[in-house]
Protein chains: 2
Amino acid sequence: MADKKSKKIKKNSKEIILMSAKVLFAKQGFELTTVREIAGKAGINVAMVYYYFNTKEELHQNIIDDAFKSFFLSLKEGVGQGKGPKEKIYDVIKVYITFLHHHKDLHRIILRETISQSKHIDMIVKKYISRNFDLVHSIIKEGVQKGAFREHDTTLSTFSLIGMILYYFTYEPIFTRLISPEKRKKSITEFLPDHIFNLFMEGVNG
Amino acid sequence: MADKKSKKIKKNSKEIILMSAKVLFAKQGFELTTVREIAGKAGINVAMVYYYFNTKEELHQNIIDDAFKSFFLSLKEGVGQGKGPKEKIYDVIKVYITFLHHHKDLHRIILRETISQSKHIDMIVKKYISRNFDLVHSIIKEGVQKGAFREHDTTLSTFSLIGMILYYFTYEPIFTRLISPEKRKKSITEFLPDHIFNLFMEGVNG
DNA sequence: AGAGTGATTAAACAAACGTTTAGTTAATTA
DNA sequence: TAATTAACTAAACGTTTGTTTAATCACTCT
């Protein structure tokens, strides 16, 4: 009958911890998020966190790893094979914006980790950020070879393109405040891809 | 003679604290930087920090305030009056890159503060980031009016331009690793402004 | 010379942190 | 059913944190 203080056995505690931690890390960052806080949000005991993860750091790394993996996977699957360079670039922009729009928390975590210059950052950078970059870079290089794009430093333009996109999410609260009321009603995924694609292709010259 | 444990009176302790704190906040962030650490780097007692600043937070705010002020000032002074929109945009790019290149620590602090969603962020955003944005935005709007730039959403292109620039500094360690060896020898202020200017004007279309 | 003032110090404070311990309960196996 | 294993808990551990206290030193002014 009545469950008084009965110990309920949940089999998915580990996943609940990961979910709670992801939200809190994204909102407050690694240092400002307490292990007790994570446990509290997950509705479990503090020690359970250490039952599944050796340290707070390990839990954090786990989340970052997942974030990067899913990002790269989306990008790889979202870019249509057999298309021309211009269409591929449009796909890249679309996937980047769509993914980040639906995983704002992950973008925050990635960005934070990039700034923090932790010991593990080097491994993470090599493993994931560079993979995303290389994928976009190879498309642009292909475009130059085939004459779709003009001759230029493709490393720099790849960086510029990704930078244009990421900046919207990095400074999203400011962005939302500044755009026109009509566009504020729409989703960012509707109008932003076309704008960035046009700008990257044609520039603003009149 | 010999100064044993003599108390030396330094009149510039406050400035030394500010300098030390700036470096440490930039490198490690607010939470990871200890008041004892700041005092240690400054070569003074911990209590001296609280002699000049009420809290660690107040010291931090002081540094951020200075950072934003000097940034906006550089921008305002660096953009030539009486020039055409295109030349002004080039100036903007040049000043942004030059300033950030010489104040990498400040950029890190600003970025960190933007992500952190602290209570004071709203005031800071309104006060400074928007001011920089408005300055650039007004130049682009002027360019469209005068026919120098094509008709387009100028809010979005302003965001894109600033994003392109800032991204290089946000992800600088990755960037340095990826650019060509010849460019790595040069300073970023030499080749980056022209690249971004050309890209923003003409795009990559072949 | 001595009172007054600002700069500086060592030492302590309570609170919060990540982590560990030792034990309890529920489920599984034999 | 008894023994074993996995899931869970309350309480404590030592350390570090931001901050305060009370006293000391160096200097200026009369």
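The chains referred to below are lettered A, B, ... by the order of the sequence lines, with proteins before strands, and numbering in each begins at 1.
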Using whole Å, what does the distance between atom [atom2] of nucleotide [N] and atom [atom1] of [X] come to?
{"X": "Asn12(B)", "N": "dG6(C)", "atom1": "CG", "atom2": "C1'", "value": "15 Å"}
{"X": "Tyr52(B)", "N": "dT9(C)", "atom1": "OH", "atom2": "P", "value": "10 Å"}
{"X": "Phe53(A)", "N": "dC8(D)", "atom1": "CZ", "atom2": "C1'", "value": "16 Å"}
{"X": "Glu37(A)", "N": "dA15(C)", "atom1": "CD", "atom2": "P", "value": "19 Å"}
{"X": "Ile17(B)", "N": "dT9(C)", "atom1": "CD1", "atom2": "P", "value": "10 Å"}
{"X": "Ile44(B)", "N": "dG6(C)", "atom1": "CD1", "atom2": "C1'", "value": "15 Å"}

Q: Among dT9(C), dA7(D), dG6(C), find the nucleotide with the atom closest to the side chain of Met48(A).
A: dA7(D)
Q) Under 6.0 Å from the six-membered ring centre of Phe30(A) and within 45° of its axis: does the NZ or CZ of Lys56(A) meet both? A) yes
Q. Looking at Tyr52(A), does the NZ or CZ of Lys14(A) lie under 6.0 angstrom from its six-membered ring centre and within 45 degrees of the ring axis?
A. no
Q. So does Tyr51(B) get a side-chain nitrogen or oxygen closer than 4.0 Å to the phosphate oxygens (OP1/OP2) of dA7(C)?
A. yes
Q.
Tell me whether the side-chain N/O atoms of Ser13(A) come closer than 4.0 Å to OP1 or OP2 in dC8(D).
A. yes
Identify all pairs in which a protein N or O lies below 3.5 Å from an N or O of nucleotides 18-20 of chain C, and state each distance.
from	atom 1	to	atom 2	distance (Å)
dG18(C)	OP1	Thr33(A)	O	3.4
dG18(C)	OP1	Lys56(A)	NZ	2.7
dG18(C)	OP2	Val35(A)	N	3.2
dG18(C)	N7	Arg36(A)	NH1	2.8
dG18(C)	O6	Arg36(A)	NH2	2.8
dT19(C)	OP2	Tyr50(A)	OH	2.6
dT19(C)	OP2	Lys56(A)	N	2.9
dT19(C)	O5'	Tyr50(A)	OH	3.4

Q: Under the side chain to side chain donor-acceptor pair (under 3.5 Å) rule, collect the residues that match up with Lys22(B), sequence neighbours excluded.
A: none
Q: Sequence neighbours left out, what passes side chain to side chain donor-acceptor pair (under 3.5 Å) with Asp91(B)? Give chain and number order.
A: Lys83(B)
(Q) In this structure, is the centre-to-centre distance between the rings of Tyr167(A) and Tyr171(A) below 6.0 Å? (A) yes
Q) Considering residues, nucleotides and ligands other than Met201(B), do more than 12 of their heavy atoms fall under 6.0 Å from its CE? A) yes
Q | Contacts of Lys186(B) that satisfy salt bridge (Lys or Arg N to Asp or Glu O under 4.0 Å) - sequence neighbours left out | A | none
Q) In dot-bracket notation, what is the pairing pattern of DNA chain D, taking Watson-Crick (N1-N3 plus N6-O4 or O6-N4) and G-U wobble (N1-O2 and O6-N3) contacts under 3.5 Å, with [ ] crossing and | for other strands? A) ||||||||||||||||||||||||||||||
Q | Mutual orientation of the aromatic rings belonging to Tyr128(A) and Phe68(A) [parallel < 30°, tilted 30-60°, perpendicular > 60°] | A | parallel
Atom pairs and distances, donor-acceptor, side-chain atoms in residues 154-161 of chain A, under 3.5 Å, two or more places apart:
from	atom 1	to	atom 2	distance (Å)
Thr154(A)	OG1	His137(A)	NE2	2.9
Ser157(A)	OG	His152(A)	NE2	2.8
Ser157(A)	OG	Thr154(A)	O	3.1
Thr158(A)	OG1	Thr154(A)	O	2.6
Ser160(A)	OG	Leu156(A)	O	2.8
Ser160(A)	OG	Tyr168(B)	OH	2.6
Ser160(A)	OG	His195(B)	NE2	3.4

